[in-house]
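Only one structure is covered here, and it is reproduced in the block below.
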Amino acid sequence: MVRIINIILSIGVFIALYFLYRDYSRINWNLMPQLLLGINELIEKLTYIKDLQLAYKDHYGKFSASFDSPSIFCKK
């Protein structure tokens, strides 16, 4: 009984490895630098929003409820 379960699990592992390899080969690795640039821009924008929220809190004593108030408060 244990041997049958091991054979079934082994076949399942090989099937899973096949699907993982098939999907891995579809990845276009030439697009990765463009994706990383987009992530860096997103991090910069989120850092800017965080700085605006902290400046707004220092001035008014609370965080802003929307993104419009801090941007009016502190233009870049």
Side-chain angles (χ1 to χ4, degrees):
M1 187 64 162
V2 173
R3 184 172 275 176
I4 294 172
I5 292 173
N6 284 338
I7 291 171
I8 292 172
L9 289 176
S10 298
I11 292 171
V13 166
F14 284 116
I15 291 172
L17 287 173
Y18 167 74
F19 284 116
L20 286 173
Y21 177 75
R22 188 183 70 175
D23 291 341
Y24 180 78
S25 64
R26 290 183 186 173
I27 295 174
N28 187 356
W29 293 103
N30 295 330
L31 294 177
M32 291 305 275
Q34 294 172 353
L35 294 174
L36 292 176
L37 287 176
I39 291 172
N40 288 337
E41 290 176 5
L42 177 65
I43 290 171
E44 288 177 15
K45 288 179 183 179
L46 290 173
T47 304
Y48 178 67
I49 290 171
K50 179 189 82 166
D51 293 339
L52 285 177
Q53 285 283 353
L54 290 174
Y56 189 90
K57 183 181 181 210
D58 287 341
H59 191 264
Y60 292 108
K62 63 180 181 176
F63 287 111
S64 172
S66 68
F67 293 123
D68 294 336
S69 299
S71 61
I72 293 171
F73 171 72
C74 201
K75 286 290 184 183
K76 191 173 185 182

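Treat the numbers as computed from the prediction; the structure is a model and nothing was measured.
- Of the options Asn6, Ile4, Ile5, a side-chain contact (heavy atoms from CB on, under 4.5 Å) to Val2 is made by Asn6 and by none of the others.
- Residues Tyr56 and Leu52 are not in side-chain contact: their nearest non-hydrogen atoms beyond the backbone lie 4.5 Å or more apart.
- The environment of Arg3 atom CZ is sparse: at most 12 non-hydrogen atoms of other residues, nucleotides or ligands sit within 6.0 angstrom.
- Put simply, Tyr18 and Ile11 are part of the same group of oily side chains (I, L, V, M, F, W, Y) that touch within less than 4.5 Å, one to the next.
- Considering CG of Leu20 and CD1 of Ile15, their distance stands at 12.0 Å, rounded to 0.5 Å.
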